[in-house]
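Below: the structure, in structure tokens.
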Amino acid sequence: MGNKKILLVDDEIDILDMLGDFLSEHGYHVDTAVDGIDALEKMDKTQYDLLLSDIRMPRMKGFELIREARARFPQVKSALITAYDVNEYIRMARDEDAGNIITKTSPFNFDEVLTVVRNLITEDIFGLERYLRPGAKSDFFEIRHSNQIDDAIKSACDVFADPKVVIKFKRVLREIVTNAVYYGSRNEAGDKKELWDIDVALNPGEYVTVCHGQDDEKQAVSVVDRTGRLKKREVLFWLDRNISRDMEGQPISMYDKHGRGLFISRESIDRFIINIKRGIMTEIIAINFVGELYKGYRPLLITEI
Amino acid sequence: MEFAIKSKIAFINLPNEIKSYLVSNLSVDYNVVELKDIESLASEEPTPLAVIVGLCAVDWPLNTWCERVEFFSGGAEIFVAGETERLDNGKKNECVEMQKNGRCCFIAPDMIHKGCFLYNLQKAYIIRDYAKQISLFMQSGGGEEVHEELEFRTKALLREKDFSDNIINSITSGLMVIEAEGNLVKLNNEAEKLLNVGQRDYLAVHHSEVFEKPIAEVIEKMSMQSIESHGRSSEIVSISENLIVAWTCYPIYEPGGNFIGTMHFIDDVTVQENTERQLIQAEKLATIGTMLSGIAHELRNPLSIISGRSQRLLEKRDKFDEWTVRYIQSIDDQVTRCGQIVNNLLRLSRKEAVGFDYNNLNAILDEVLTYVDYQNIFDRITVVKNYASDPVIYCNRSQLLQVFLNLIGNAADAMNGQGALTLTTADFGNRAMISVMDTGGGIAPKIISKIFDPFFTTKEAGKGTGLGLAIVYRIIQQHGGTINVRSKPGETVFDVILPKWRRKDGEQKNTSG
């Protein structure tokens with residue numbers, strides 16, 4: 001099997017050293033490059049499993065690099081990392097179909113980098129425990145009928161001591177669970193909410209699972225549906241629509257009648273993670289960090305396999 | 001038509017130079033006589049219009065003396081010429097008293113020379129003069145036509161006086177006329193309102209005795225400036241806590257060229273000034289925002305590196321001695337703190353019009369209350385809610401949550417955890433208002449204008465960066481609203497006014513920061 005190979009690209013040498021060191025320690029073989037051109041040359045000579053690149057670099061920007069890399073080396077996974085506002089890049093992310101943009105914060109979230117790297121390389125992406133420290137407590141609730149939605153949300157949130165956190169998660173879960181039950185499992189069209197059949201029993205293959213867990217650093221909830229209908233392209237489309245502005249500074253989605261759910265959920269919580277295996281499973285995870293840890297710009301963490 | 005009979009003015013015991021000045025100026029229009037004492041007044045026929053007495057001839061107590069003069073002169077106007085400064089305090093007070101009551105008028109010698117006295121005399125008495133002349137003429141057997149003519153002229157004159165009084169009171173500016181010596185001559189209604197005086201208080205009284213220091217000083221300053229420049233002097237001044245005025249002063253000269261007084265126009269510009277201040281504030285914030293955003297961005301990379309390094313070192317703390325670990329921990333703590341500061345800075349300049357939607361204000365306030373409910377500082381605070389029924393406005397919910405979290409948090413701090421927090425919402429058609437009131441110690445007048453400045457804080461070093469209210473201000477501004485604060489010990493109120501509707505044509509856009 002051998003060590004998995006990662007190519008780190010950043011014009012900031014200290015980042016290369018620090019991240020490279022960290023990833024090596026976790027068993028990866030790490031090469032570094034200071035810009036895109038350099039990186040592509042290296043990729044010519046070595047087959048990497050993952051390309052992890054900064055966005056703002058002289059000569060070639062991160063998005064350009066991953067576009068080139070995907071064209072020339074399609075089997076190489078890619079992710080971006082930045083110190084700047086991820087939302088500013090949402091249009092480019094949509095255009096390049098780039099779902100993972102990690103942020104550099106102080107404190108630095110090493111766990112998150114490791115999780116993204118692992119997920120992309122192994123393609124083993126599902127499971128809330130991935131985002132929790134070892135030994136963390138977690139539990140789940142299986143929704144078999146739409147009338148269980150409220151109970152599911154309650155069971156997930158009430159374990160958390162902090163009422164502020166409970167409110168945040170409830171808000172997000174209401175959106176995601178409803179989506180999972182109706183869009184995901186039932187494939188209802190989003191723009192015809194008034195026609196939805198509210199009271200539905202789900203078939204065994206359609207059960208929606210709501211999980212929750214916490215460690216000393218965070219609280220987390222997740223919603224899993226087993227139909228995998230959500231598409232990464234769609235998510236990026238709707239996020240971009242709500243984030244990008246038109247000439248007057250209004251979000252493009254200003255007059256849209258729907259499509260804000262994902263955006264609002266993402267804005268409401270510290271981390272909003274979407275994992276998709278097309279046609280098989282969709283997992284949406286919401287994380288709240290204790291004590292404002294890792295605050296800064298929100299990363300983009302959407303993985304589709 | 002000329003009058004053969006002129007009104008009489010009597011002089012008694014005047015110093016020579018005053019006497020000669022008055023004689024030369026007054027004898028054109030008046031019949032001037034010199035008497036040796038008060039009693040001689042009784043034998044004057046007709047009785048004089050006015051009597052000007054030298055200060056040395058005055059007897060004390062003053063009111064008794066005035067009575068005598070009035071008795072002997074048949075009700076003439078009494079003027080006393082002389083330097084009252086050298087009198088003892090008791091006598092000085094009597095002079096002020098008599099002047100206030102209108103029994104007699106004191107004129108200092110230099111005022112006489114400036115012509116103020118003449119101006120006053122003529123202005124005040126011209127009508128009485130005519131009236132008296134009519135009766136005198138009648139007594140001497142004048143014809144019907146003359147009588148009618150006189151009546152007509154008097155009416156015309158009175159109408160003129162009323163008319164000019166009307167004009168003066170109709171102008172929307174406050175108008176105040178002060179004679180050279182500093183005594184108030186005329187205030188129109190608006191001026192009385194703005195300066196908070198009633199007519200009884202000020203006629204012929206020195207401005208320093210009528211007004212408090214701030215206004216008296218402004219009058220001195222503006223008068224001086226206009227005199228020195230022989231022209232207009234204009235300034236915006238704050239004359240009380242909530243009143244800012246545009247003050248314009250002109251010097252007044254009589255035809256001969258002598259300076260006789262000043263004319264002051266006062267306009268209330270409090271609203272415009274406050275709006276301007278808010279605009280300037282907004283600009284300041286926008287500029288600072290851009291600057292800070294640039295700096296903050298640059299800091300992100302280095303900070304994440306330092307933090308990453310310290311974290312990794314701490315992962316391996318077993319390799320180091322205690323002293324080293326302590327040092328690394330300290331670096332880690334401080335750089336985390338830097339990260340928080342940078343986050344706050346970036347929030348100031350973030351362009352955020354996203355997330356606008358219709359929200360119920362009461363619900364937003366209630367949500368904030370649930371957030372703070374568990375905090376210890378709120379344990380002994382009573383919350384009073386005066387909610388209007390469901391004010392729904394177009395707003396960014398998460399930003400408004402931030403705003404009220406900040407205001408309510410500040411309120412709790414101000415009350416030191418004990419007191420009443422009153423939350424009021426109100427619906428005003430196109431706008432809604434939310435007020436947050438606390439019963440804390442209040443905000444001192446001299447800092448209240450600074451509280452929205454970025455980095456201004458009254459909290460001790462390390463507790464609060466002073467950015468809270470600046471961010472609040474920014475958010476309200478981005479909503480197209482306004483925020484005002486009123487404070488006195490025991491009661492501080494923040495009023496937030498927000499437009500209810502989404503504006504058309506992109507009016508409610510974010511202004512870039």
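Naming: A, B, ... by sequence-line order, numbering from 1 per chain.
- Atom CG of residue B/N301 and atom CD of residue A/E12 lie 4.5 Å apart, to the nearest 0.5 angstrom.
- Only the side chain of A/R171 comes within contact range of chain B, with at least one heavy atom under 4.5 Å from a heavy atom of that chain.
- Summarising the local packing, CG of B/L314 is surrounded by more than 12 heavy atoms from other residues, nucleotides or ligands at distances under 6.0 Å.
- Formation of a donor-acceptor pair under 3.5 Å by the A/S106 side chain with backbone atoms of B/S307 is not found in this model.
- Ranking A/N87, A/D54, A/I15, A/T82 against chain B, the residue ahead of the rest is A/I15, based on heavy-atom pairs under 4.5 Å.
- For A/D17, the parts lying under 4.5 angstrom from a heavy atom of chain B are both the backbone and the side chain.
- The parts of A/D21 that come within reach of chain B are both its backbone and its side chain, each placing non-hydrogen atoms under 4.5 angstrom from that chain.
- Contact of A/I264 with chain B is not made at all, since no heavy-atom distance falls under 4.5 Å.
- Remark: side-chain polar atoms of A/D14 are not paired, donor with acceptor, to backbone N or O of B/I305 under 3.5 angstrom.
- Here the CZ atom belonging to A/F108 is positioned 13.0 Å from the OG1 atom belonging to B/T336, to the nearest 0.5 angstrom.
- At a threshold of 4.5 Å between non-hydrogen side-chain atoms, the residues A/M18 and B/R309 count as touching.
- Counting heavy-atom pairs under 4.5 Å between each of B/G308, B/G339, B/C338 and chain A puts B/G308 at the top.
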Go through the steps for A/E25 and B/K316 under the test side-chain contact (heavy atoms from CB on, under 4.5 Å), then give the verdict.
-> CA-CA 12 Å; A/E25 225 170 80; B/K316 301 181 192 328; 2.7 Å; yes

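- Between the side chain of B/Q311 and the backbone N or O of A/P107 there is no donor-acceptor pair closer than 3.5 Å.
- Between A/Y84 and B/R300 there is no side-chain heavy-atom pair separated by less than 4.5 Å.
- For A/K170, the NZ atom is densely surrounded, since the number of other residues' heavy atoms within 6.0 Å is greater than 12.
- With a 4.5 Å cut-off on side-chain heavy atoms, A/F110 and B/R312 count as touching.
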